[in-house]
Every structure is written in structure tokens, then in C-alpha cells.
Amino acid sequence: MTSTVTVLRAPSANRVYASRSGPLAAAEAHWVLGAHLGAPSRVTERAVGGMDALRIEGLELTAPRGVSTDPAPEDHTGSDAPALRLLASLSSTLGLLEDVAGAVQGEGCGGAGTLLRPLDLPPVLRHPGDLETILKYPGKTNEQFTALLVNLAAALSTRRAGLFDGTLTLLDPLCGRGTTLNRALRLGLSPLGAEIDRKDVEAYRAFLATWLRTHRYKHTVTDGRLTRHGKQLGIRIDAELAPDKQAQREGRGQTLTVYGCDTRELAHLLPARSVDAIVGDLPYGVQHGGRSAAGWQRSPLEVLAEAAPGWRSLLRDGGGMALAVNRHTLARSDATAVLADAGLRVISADGAFRHRVDQSIDRDVLLAIPTDHPQAEQLAALGTDERTP
Ligand SMILES: C[S@@+](CC[C@H](N)C(=O)[O-])C[C@H]1O[C@@H](n2cnc3c(N)ncnc32)[C@H](O)[C@@H]1O
């Protein structure tokens, strides 16, 4: 039996983002549910008691036979149904309500109607929220949007279930001060990052070490030099962390590596075909420039053109990529062409995630997969589905 679920949405801390957060959340749900569950769900925006929400129809909430530990089919509370976990992981989910048929009494609504039953949110985040929110700096990617990028990139991977058991390998090849890495850590992943600006890498290292110490985590944070063929490329940060000894003993520890170097070096530093999901917020050509062979560029096109072949070589064939771009400084047709040259196919529609950040940034997301991705056609169909919000 399928259900209709209302996802109550958390307000966005960012006022400008908030004005587009409804369509963005709907588009995220469309892609994430469609990819994980194998068929698009009907997603529409709605309001419940004055709160912003999404209505999602046709969801199978009970866990597949043999997986659920819950004996009562009508009681979803505490079950490990994939759909509930997915809904809980969406970037703006605050709460979940399920439609149930019921008699609605009262003036103006005699007869049968629909009641909303609260559902428990399965826990999907392993660490406190301040891991994502404490560090503030100009050029930081907003956390809600970062969570959306992570979910989208993971959904494109054939190993997408690894988002929930810690086994998905995620790389942010332009990681700044670690907004994506922190989201990935909260999800229980062991992410990788690269950042050319040494100040950013050192600031992130200092923040993470302090956060782990103040939260009394079992951890080590080490830094070292990054060399290749005797040439110094930059620095490298490695961290190991677990909330406590028991988590460490039970193998719930996580690792993190940041390569403080040019993203174009990554293909020489990591094993080929070892990454499931790449999440990148490309330099906007405003706050951040892009470093390419020709030096610092205003347009991120050069950095994308030079880095994309290496990023592709790191992605597994069944991997996926979510890239945030500024439409003012990077034309979609140019980005699509350089990604195609690198063996990557853009499958999201033009403007599918379009929103204004400020006067100089008109942002969109490019979802790309290797041309030989085994699920290429099913995934591409989500980008052209007429129900795409
Ligand atoms: C839009 S910012 C990403 C911000 C990041 N998501 C955060 O919240 O901190 C783009 C980043 O790409 C970095 N970058 C630009 N060119 C690079 C290159 N060739 N190699 C590595 N990083 C580069 C910039 O230094 C900048 O930190």
C-alpha cells in the first residue's frame, strides 16, 4: 500500500535562498526519491498550518520484506523503511506527517476527510548541527544548499545506499573551508576534499580540531606535506574521529582527508575509479577566482575544463557529480561541452535548481554522470520527466 507524506520544511537561515527554497526542495525530492526508489514520485509544494511543506504521493513506507524489524505493517515508527530515511535526509526536512483517512468533525467540514499523523524521523545525521554552522566566513556555501548538493550527487551513484551506511566515497574537489566535508561527516561518511588556498585549509584544520576537542570526540588530526615525484604540491590534513570509545570499537569511526593543493593534481593522488560522488561549488568569479594553468581566472570555465578529465578518472563508472555554478560567469553550454569532452553527460534541465544568491550570483546546479553510467537512461529520464518540479 502506498502513502502520501507531508514533509514539513525547515525555514532557511538565508533570506534570499528562502525565497526559492520551495522549488529547490521539490526538485531535490524529485531527484533523490526518483533515483533511490527507481521511479519518480509526485512532489508538490503545499502549506500546512502556515508551515511550508512538500506533499509526496505514492510512497511505499514499510521496509521491504525481510528488512523491517517492525512487525506491525501499519506502524512505520521505528522501521528502517528506505523512503522514510530518504525523506529524513532531505536538506530541509523538519518533520514528517502521513495522510490517514479519518472523520473530520466540526463546522464546515462534516464527513470523511484526511487527517495527518506524525511520523518519527529516522536519525540520519550522526553529529551535532554546529559542525556545519559554527564556522562563518565570506564565500561559505550555505549549509542547506550544500546538503542538497550532497544528496543529489549521492543519488546519482549506483552505490547510493552507501549514503546511509557510511560506505559512499564523496569528494569535494573545491572544498574551501569544508562545508561539504562537514555535511558528509554528519551523514557518517569519510569524505575527501581538495583546496588550493592554504589559508582555507589551515582555517578548516583549526576549526575541526577545536570542534572535536570541545565535543570530546576520540580523534587525531595530523598534517603533513603533499609531494609528488619529490616536488612539493602543498599540505595534507588527515583526521580520524569517533564520538566515543564504543563507537571507535564498533567500527563507527570515520576518516577525513584534505589535499591542500590544486584540484588538477587529484587524479595523481587518489586511485582511479575510487569515488562515488563528487560535490563541487565552482568558483563564482566573484569572491573566489579559479586557478587554472593560465593563472587566476575570473571565469571558472578554465578550471572546469582542466580539472574535469581528472575528476572523471576518479569517479566510478556508476558515480555522479553535482556542481553548483554561477550562470553569470559560466554559460551552461560551455560547461556542458567541457564536461562532455571529459566523458561526462549533464542530465539536469537548464534552470532546474536556478536561484539567486546575490546581485552577482545567479546559481544553478549541473548534475552529471559518466557517459557509460550503467543507469544513465533511468537517471536522465528524471531530468526530462514532465512532473519535474
Ligand atoms: C565557491 S568556493 C567553495 C566554497 C566551499 N564550498 C565552502 O563552503 O567553503 C570555490 C573554491 O575553489 C577553490 N579553488 C579554485 N581553483 C582551485 C583549484 N585549481 N584547485 C583547488 N581549489 C580551487 C577556491 O579557492 C575556493 O575556495
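Remember, it's 1-based here, ligands and their atoms both numbered in the order they're listed.
Using a 4.0 Å cut-off to heavy atoms of V303, the atoms of ligand 1 that qualify are 19 (N). In the vicinity of T263, heavy-atom distances shorter than 4.0 Å reach the ligand 1 atoms 18 (C), 19 (N), 20 (N), 21 (C). Below 4.0 Å from some heavy atom of D262 lie the following atoms of ligand 1, by number and element: 18 (C), 19 (N), 20 (N). Which parts of ligand 1 touch T179 is read off a 4.0 Å heavy-atom cut-off, strictly below it: atoms 7 (C), 8 (O), 9 (O). Shown in contact with G139 at under 4.0 Å from a heavy atom are these atoms of ligand 1, numbered in order with element: 4 (C).
The distance criterion of under 3.5 Å between nitrogen or oxygen atoms is met by R177 with respect to ligand 1. On a distance-only criterion, T180 and ligand 1 share no N/O pair closer than 3.5 Å. Here's the thing with D172: none of its N/O atoms is less than 3.5 angstrom from an N/O atom of ligand 1. Taking only nitrogen or oxygen atoms, main chain and side chain alike, T141 reaches within less than 3.5 Å of ligand 1.
The six-membered or imidazole ring of Y217 lies near that of H127, with a centre-to-centre distance under 6.0 Å.
A salt bridge is defined here as a Lys NZ or Arg NE, NH1 or NH2 lying under 4.0 Å from an Asp or Glu carboxylate O, and D200 with R177 meets this definition. With respect to the salt-bridge test (charged N to carboxylate O, under 4.0 angstrom), the residues D165 and R159 do not qualify. Note on K140 versus E143: salt bridge recorded, some NZ/NE/NH1/NH2 to OD/OE distance being below 4.0 Å.
Distances shorter than 4.0 angstrom occur between a heavy atom of E195 and an atom of ligand 1. Heavy atoms of Y137 approach ligand 1 to within less than 4.0 angstrom. The shortest heavy-atom distance from L282 to ligand 1 is under 4.0 Å.
Using a 4.0 Å cut-off between heavy atoms, C175 contacts ligand 1 through its backbone alone, with no side-chain atom that close. Residue contacts with ligand 1, taken as heavy atom pairs separated by less than 4.0 Å, involve I196 via backbone and side-chain atoms alike. By the criterion of a heavy-atom distance under 4.0 Å, the backbone of C261, and not its side chain, is placed next to ligand 1.
Within 6.0 Å of the CD atom in Q232, the count of heavy atoms belonging to other residues, nucleotides or ligands exceeds 12.
A salt bridge (Lys or Arg N to Asp or Glu O under 4.0 Å) with D364 holds for exactly one of R356, R327, R354; it is R327.
Looking at R216 and D244, their side chains never come closer than 4.5 Å, going by heavy atoms from C-beta outward. Between P300 and N326, every side-chain heavy-atom pair lies at or beyond the 4.5 Å cut-off.
Cation-pi check for R85 over F164 is met; the charged atom lies under 6.0 angstrom from the ring centroid and within 45 degrees of its normal.
One hydrophobic cluster holds both L121 and L86 under the rule that ILVMFWY side chains link at heavy-atom gaps under 4.5 Å.
Around atom 12 (O) of ligand 1, the closest heavy atom drawn from D200, L174, N142 belongs to L174.
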